[in-house]
Amino acid sequence: MTEKEHSAPQHFIRNIIQEDFAGNRLQELVTRFPPEPNGYLHIGHAKSICLNFGLAREFGGRCHLRFDDTNPLNEDEVYVDSICRDVAWLGFDWGRHLYFASDYYEQLYQYAVELIKEDMAFVCSLSPEEIRHYRGTLTQPGTDSPYRTRGVEENLDLFRRMRQGEFSEGSHVLRAKIDMASSNLNMRDPVIFRILHARHHRTGDQWCIYPTYDFAHCLSDAQEGVTHSLCSQEFEDHRPLYDWFIEHLPVPARPKQIEFARMNLTYTVLSKRRLNRLVEEGHVDGWDDPRMPTLSGLRKRGYTPGAIRTFCDMIGVGKSESLVQMSMLEHALRDDLNYRAPRFMGVQDPLKVVILNYPQDIEEELEGINNPEDESMGTRSLPFSREIYIERDDFREDPPKKYFRLAPGREVRLRYAYFITCVDVVKDENGEIAELHCTYDPESRGGSSPDGRKVKGTLHWVSARHCLEAEFRLYDRLFTKADPTAEEKKGVDFVQYINPESLRVVAGCKVEPALRGIEPRTRLQFERKGYFCLEGDSGKEPLVFNMAVALKDTWAKIEKREQQGG
RNA sequence: UGGGGUGUAGCCAAGUGGUAAGGCAACGGGUUUUGGUCCCGUGAUUCGGGGGUUCAAAUCCUCCCACCCCAGCCA
C-alpha cells in the first residue's frame with residue numbers, strides 16, 4: 001500500500017477485538033464480508049468491506065468473502081462476478097477463502113434435522129397469511145401454531161418429504177420452536193427452511209428447500225470459524241436468534257455478532273431499491289454511470305481504491321446512523337490524486353489568442369513539470385506557437401474586483417511559457433469576443449521574467465496548431481437535496497430531486513498533445529480545473545474525459561460572494 | 001401503546017469519573033509559475049433536556065424528549 005492512508009482511528013469494534021486478544025479469548029481474528037449476490041456493491045458496502053478486511057489485515061487474521069446465497073429467486077452469478085471484481089479492486093484479497101452459503105446446504109439440512117430430533121423445530125403447515133396472524137403484533141404476543149406439537153417422527157418424515165419435493169411452495173415450512181410470546185418478533189418460532197421450487201445459480205435443481213438468512217448466516221459463520229461477525233444495525237434484533245442457533249447446535253465455533261451503523265451520503269441514495277429505480281427508469285446510464293455511488297460507477301468516474309479506503313477510515317465506525325457529507329469523499333479523492341495524478345493542460349471553453357510579436361513560422365518546445373508533488377514523475381514537452389487557446393473565463397473585458405486573470409492591458413503568465421499582455425479584443429458581428437491579440441515578452445520564457453516583475457495570474461493554454469480535440473463530461477451531485485429520501489417522507493418522490501445538471505457534456509475542448517495515446521482509465525489533473533479520467537478507448541479524437549472531482553476553486557467562491565454582497 | 005438502538009460544533013467522530021482529541025466544511029493569514037497543494041490561526045464554559053450522587057460527571061443513577069430499526073416463507 002503506497003498511498004497515504006490515514007491512521008485508523010479507534011472505534012468500538014477494534015476495542016472489542018483488542019480486549020478479546022488481551023483476555024486470551026482470541027488466537028486469530030476471522031471476519032467475513034457476506035454479500036447476497038443480488039445487486040451491485042456501493043460505497044456503503046465499501047464501509048463494511050474496509051472494516052472486515054481492514055481489521056483482518058491489521059490483526060494478522062483473515063477475512064472470508066462469503067456469498068449469502070440462500071434465496072435463489074433473486075440471485076445470480078453475474079452479481080457474484082461483479083462483487084468479486086469490486087472487492088479486489090478495492091484492494092482486498094480473500095485468498096482461498098471464497099465461500100458460499102450454498103456450499104453448506106447439506107450441513108444446514110443436517111443441523112435442522114438435529115433441531116427436530118431435539119424437539120426444537122417443527123414442520124408448520126399454516127399458510128403464509130396464517131403464520132402472519134399467529135405471529136401477533138408489536139404490542140401483542142403471538143399464539144402457538146396448531147402444528148407446534150407435532151411429534152418428532154412426523155416432523156422428521158415431513159421435513160424429509162419437503163426436501164424430496166413432495167409439497168408445493170408455501171404448504172409447509174420448518175420453524176424453530178422458541179417462544180411465540182417473546183417481545184422480540186424474531187424469536188416467535190422463526191421460519192428456518194422454506195420450499196422454493198426454484199433453480200439456484202450454483203446448486204441448480206439439487207434443492208427445493210432453502211434455509212432462511214437467520215438460520216444460514218450464523219451457522220455459516222460458525223462453520224468457517226468466524227470469530228467476529230460484523231453486520232449492520234438492523235440485525236441487532238436478530239442477535240438473540242443468532243446466539244440461539246449457536247447455543248443449541250453442535251457447531252465448531254462460537255462467533256460473536258457485533259452490529260455497527262450504516263452510512264448515508266449527502267446528495268445521493270444508497271438503498272438497493274432506489275438505486276434500482278434510477279437505472280430502470282433511465283435516470284442514469286446503468287449501474288456504472290459515473291454519477292452512481294456504486295463502486296463500478298465511482299471507478300468509472302475516476303475514483304481510486306485508496307481514496308475510498310481513506311474515506312472509510314475517516315468516517316469511522318459507530319452505532320449512530322450518519323449522513324456523511326460528500327465533501328469528505330471528495331477530499332479523500334483530491335488528497336490521493338494530488339500526489340499521484342500527472343498534470344496536463346486542457347481548455348474547456350477555448351478562446352483564441354494571437355501573439356502578435358511571435359513569429360508566424362516558428363514553434364518551440366517548452367518544459368512542463370508532470371507533478372509538482374512528485375519530482376520522480378519527470379517533465380514533458382509543451383509545443384508553443386503564435387496562436388494558442390486559453391479558457392474563455394480567464395479573460396474579462398471589464399474585470400471585477402479581485403479578478404487577476406487577463407483583461408485589456410493586463411499582463412499574465414502562460415504556465416511554463418511566457419508573460420503576455422492583452423492589447424486588443426477582436427469581436428465578431430454579434431459583438432461576441434472572437435479572439436484576443438496579445439504581445440509576449442521573449443525574456444519571460446519558461447514563465448518568469450529576469451527583471452523580477454510579478455504577475456498575479458497564471459493561465460493554462462494549448463497551442464492551436466498542436467492541440468488535440470476532446471470532450472469533457474462534467475459531473476455534479478446526482479440530487480439537488482442533501483437528503484432526497486427525507487423529502488420522500490414528506491410525500492415527494494425522490495426522483496423529483498434529481499439534479500438536471502448532474503451531467504454536462506462539453507464538446508470542443510482542446511487538450512495538450514502529450515495526451516495522445518494515453519491508456520484508457522488514466523487519471524490525471526487538468527491544471528486549474530480538476531481531476532479527470534480518460535473514458536473508453538484512447539487514441540481516437542475527440543478524447544473523452546470524465547471529471548472525477550473539481551479542484552477547490554477559491555476564486556469561484558470569492559466571485560459568488562462579491563456578487564451577492566453587491 | 002411492545003422490543004432493540006442512537007443522541008458530543010454545520011457534518012463525521014474520539015472520549016468509559018479528573019475538568020471536551022482528530023478529520024471534513026467554514027472563516028482569517030502566509031508560501032506558491034495551478035486562485036490547487038502546503039503552512040499557521042479561528043471554534044463546544046459544554047456533551048438531547050431536567051433532577052440527583054460525588055471534592056469532581058459527556059462519563060454513574062433517575063425521569064423526560066427526539067430520531068432510527070423490527071410484525072418477509074428478503075437479506
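Everything quoted here is computed from the prediction, not taken from an experiment. Residue numbers start from 1 in every chain, and the chains themselves are labelled A, B, ... in the order their sequence lines are given, proteins ahead of strands.
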Could a donor-acceptor pair under 3.5 angstrom be found where the side chain of A:Q325 meets the base of B:G10?
yes
Do the side chain of A:Q525 and the base of B:U34 come within less than 3.5 angstrom through a donor-acceptor pair of N or O atoms?
yes
Among B:U34, B:C38, B:C12, the one nearest A:P372 by side-chain distance:
B:U34
Donor-acceptor contacts, no H, no angles, side chain residues 188-196 of chain A, under 3.5 Å, sequence neighbours left out:
residue	atom	partner	partner atom	Å
A:R188	NE	A:R135	O	3.0
A:R188	NH1	A:S182	O	2.4
A:R188	NH2	A:R135	O	3.0
A:R188	NH2	A:T137	O	2.6
A:R188	NH2	A:Q140	O	2.8
A:D189	OD1	A:R148	NH2	3.1
A:D189	OD1	A:I178	N	2.8
A:D189	OD1	A:D179	N	3.4
A:D189	OD2	A:R148	NE	2.7
A:D189	OD2	A:R148	NH2	3.4
A:R194	NH1	A:T70	O	3.4
A:R194	NH1	A:P211	O	2.6

Regarding the side chain of A:E236, the nearest nucleotide among B:C68, B:U37, B:G4 is B:G4
Rounded to whole Å, CZ of A:R239 lies from P of B:G3 at a distance of 17 Å
Side-chain N,O (A:K552) to OP1/OP2 (B:G35) below 4.0 Å:
no
Check the phosphate of B:C24 against A:H331, side-chain N and O only, distance under 4.0 Å to OP1 or OP2. Yes or no?
yes
Regarding A:F419, tell me which of base, sugar-phosphate or nothing describes its non-hydrogen contacts under 4.0 Å with the strands shown.
nothing
For the side chain to side chain contact (heavy atoms under 4.5 Å, CB included) test, which of A:E512, A:H460, A:R392, A:K529 pairs with A:V347?
A:H460
What string of B, S and - do you get for nucleotides 70-75 of chain B 5' to 3' if you count protein non-hydrogen atoms under 4.0 Å?
BBSBSB
Spacing between A:D336 atom CG and B:G36 atom C1', to the nearest angstrom
16 Å
Hey, does the side chain of A:K454 come within less than 4.0 Å of B:U32's phosphate (OP1/OP2), counting only N and O?
no
So A:F100 and A:F67, would you call those rings parallel, tilted or perpendicular, with 30° and 60° as cut-offs?
parallel
A:L323 has an atom CG; how far is it from atom P of B:C68, in whole Å?
13 Å
On the side chain of A:Q10, is there an atom forming a donor-acceptor pair with the base of B:G22 - under 3.5 Å, no angle test?
no
Secondary structure string for RNA chain B (Watson-Crick or G-U under 3.5 angstrom, | for other-strand pairs)
.(((((((.[[[..)..(...]]].(((((.......))))).....[[[[[..)....]]]]])))))).....
Taking OP1 and OP2 of B:C27, is either one under 4.0 Å from a side-chain nitrogen or oxygen of A:R561?
yes
Check A:Y303 against A:A548 and note the closest heavy-atom contact, atom names and distance.
CE1-O, 4.3 Å
Using side-chain heavy atoms (C-beta onward) and a distance below 4.5 Å, is A:L459 in contact with A:R528?
yes
Tell me: NZ of A:K401 to P of B:G35, nearest whole Å?
21 Å
Using atom CD of A:E321 as one end and atom P of B:G5 as the other, report the distance to the nearest whole Å.
16 Å
Please confirm whether any donor atom in the side chain of A:R334 sits under 3.5 Å from an acceptor in the base of B:G36, or the reverse.
no
Among B:U34, B:C38, B:U6, the one nearest any side-chain atom of A:Q233 is B:U6
Within the 3.5 Å criterion, strictly below it, is a donor on A:T421 or A:R410 matched to an acceptor on the partner's side chain?
no
Check the orientation of A:Y109 and A:W207. Use parallel for under 30°, tilted for 30 to 60°, and perpendicular for over 60°.
tilted
Any side-chain N or O of A:R343 under 4.0 Å from OP1/OP2 of B:U34?
no
Please work out which of the three classes, parallel, tilted or perpendicular, describes the rings of A:Y242 and A:H217, given edges at 30° and 60°.
tilted
OP1 or OP2 of B:G5 sitting under 4.0 Å from any side-chain N/O of A:S320?
no
So, A:F344 versus A:F532, ring centres under 6.0 angstrom or not?
no
